[in-house]
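Here the structure is a predicted model, which means the values were calculated and not measured. Quick note on labels: first sequence line is chain A, next is B, and so on, each numbered from 1.
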Number of protein chains: 2
Amino acid sequence: MSVTDINIRLKSVAVITYTEPMVRWQPGTSERLQAAALELFAGRGYEQTTAAEIAQSVGLTERTFFRHFSDKREVLFRGQELLTEAFLGGIAAAPEGATPMELVAAALDSVADFFPSERRSHARLRQSVIDQNPALQERERHKMSVLASAIGDALRERGVAEPTATLAAQSAGMVFGIAFTQWIREGEERSITDIEHELLAELRRLTGASHTA
Amino acid sequence: MSVTDINIRLKSVAVITYTEPMVRWQPGTSERLQAAALELFAGRGYEQTTAAEIAQSVGLTERTFFRHFSDKREVLFRGQELLTEAFLGGIAAAPEGATPMELVAAALDSVADFFPSERRSHARLRQSVIDQNPALQERERHKMSVLASAIGDALRERGVAEPTATLAAQSAGMVFGIAFTQWIREGEERSITDIEHELLAELRRLTGASHTA
DNA sequence: GTCTATAGTGCGATAGAC
DNA sequence: GTCTATCGCACTATAGAC
């Protein structure tokens, strides 16, 4: 049997295995790690769960976990990038002459699709994990801060001057954060955009309030 | 020799070592660690500096470092508690009938003493270290968030209702953060309270702006 | 003060996809 | 052949437990 024969055999085997795709490399590795991590964190606690355990629970090694996520906390924070894109898309889609505050409102409105009512229970579970660990809270704040910075950049690109751009961007981040917290509160029924609108109105009232009590 | 005798002996030894005070426990250990840490971080970078090196540079062990600071980052963030107290003191000192926005302004005004012009260069050095490391930025955001939460509690105790209290508290934190960033910017000459006042005015303008461009 | 578990990195080897 | 995901191993620093 020649070397060529061996190659041919191996190739035919490869073709057969391809019809049953991804035997060793199953797709969506990151997603499976995220799901497994949330489940383990919720069950046993964040600190009581090692990166190795998460990896093993989906048939991978610790080293692979860290290939997908730069650190252990990050496994809970994928998707924030998509949220940022939604915000920026909302700003980009706003009409030319929009005021800074209208751009903020456009950004806030654009994330409605991310938070349908069905996602509330998942969001609550995830948040309950985050709320129980300071390190996770730090990461969450950091992500929100990065989001606000991105909004600030977008506003500046649309010609909004400083310090208005930074103020408006951080206000958007602030309102979104408070709205999200309220949205996942037990018993809350309003949509996240409804909550956002009420908060924006309240912010207007707050800053515009007269100086008499 | 009874158990009581042993206790007496041990006590007398303790008294003797106490009469030669603070030979190995020099005062201001935390402060010396903080100063050494900042210097090393600025010179070599945060990640390139180990906790053991910081400790050794002031004649202490790594273990002692972690007794003073729960983690390595924390050595850069002491003093935030004093800042929080200043904010809360400003709110407490505000007159009875103050509006939420007046309470916010009172809180912002109360931190002027923390940021005299002489402290700018030190603040800049510290910030340059923080800006170069995401982990430190996360801690900084977290501290600001804790500060805003504390302000929110104080506002609620003064009878401010939700969601106004949270909105006002986070606005205060936001304005302070932007003001501080501006205050340490090269060439900036205004006091931090002056910057804060201008930002508050700008926030009023932003939220109250008409809907025409 | 000592010991230890875990987080996280660096690098070389392997193996599948193309 | 290239590219990339995975593994395996050695290693350090952090941080907590004892």
Could you state the atom-to-atom distance from [atom1] of [X] to [atom2] of [N] in whole Å?
X      : N      : atom1 : atom2 : value
A:L76  : C:dA7  : CG    : C1'   : 16 Å
A:R67  : D:dA5  : CZ    : P     : 5 Å
A:Q56  : D:dC7  : CD    : C1'   : 13 Å
A:F66  : D:dG8  : CZ    : P     : 16 Å
B:I54  : D:dT14 : CD1   : C1'   : 12 Å
B:N133 : D:dT14 : CG    : P     : 12 Å
B:E74  : D:dT14 : CD    : C1'   : 15 Å
A:E62  : D:dC7  : CD    : P     : 12 Å

Just by distance, do the side chain of B:R156 and the backbone of B:E162 share a donor-acceptor pair under 3.5 Å?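 Between the backbone of B:E162 and the side chain of B:R156 there is no qualifying donor-acceptor contact (under 3.5 Å).
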Has B:R44 got a side-chain atom pairing as donor or acceptor with B:E39's backbone, closer than 3.5 angstrom?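 Not at all, since once roles are kept as given, no pair shorter than 3.5 Å links the two residues.
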Give the residues of residues 44-52 of chain B touching DNA chain D, defined as any heavy atom closer than 4.0 Å, sorted by residue number.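 B:T49, B:T50, B:A51, in order of number.
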Are OP1 or OP2 of D:dC7 and a side-chain N or O of A:T64 less than 4.0 angstrom apart?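 Looking at the OP1 and OP2 atoms of D:dC7, one of them is under 4.0 Å from a side-chain N or O of A:T64.
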Under 4.0 Å: is that the gap between some side-chain N or O of A:H68 and OP1 or OP2 of D:dT6?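 It does, given that an N or O in the side chain of A:H68 lies less than 4.0 Å from OP1 or OP2 of D:dT6.
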Salt-bridge test for A:K143 and A:E74: reply yes if a basic N is under 4.0 Å from a carboxylate O, no otherwise.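 Salt bridge present between A:K143 and A:E74.
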Side chain proximity check, A:F180 to A:I195, heavy atoms < 4.5 angstrom: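 Contact flag for A:F180/A:I195 side chains = no.
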Selected nucleotide, minimal atom distance to [X] side chain, candidates [options]:
X     : options              : answer
B:R63 : D:dC7, D:dA5, C:dG1  : C:dG1
A:D71 : D:dT6, C:dG1, C:dG8  : C:dG8
B:K72 : C:dG1, D:dA15, D:dC9 : D:dA15

Do A:R126's NZ or CZ and the ring of A:F77 fall within the cation-pi criteria of under 6.0 Å and 45°?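 Relative to the ring axis of A:F77, which defines the angle, A:R126 lies inside both limits.
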All side-chain contact (heavy atoms from CB on, under 4.5 Å) counterparts of B:E198, not counting sequence neighbours: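 side-chain contact (heavy atoms from CB on, under 4.5 Å) check on B:E198 returns B:R190.
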Please check if the distance between the ring centroids of A:F176 and A:F115 is under 6.0 Å.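 Aromatic pair counts; centres sit under 6.0 Å.
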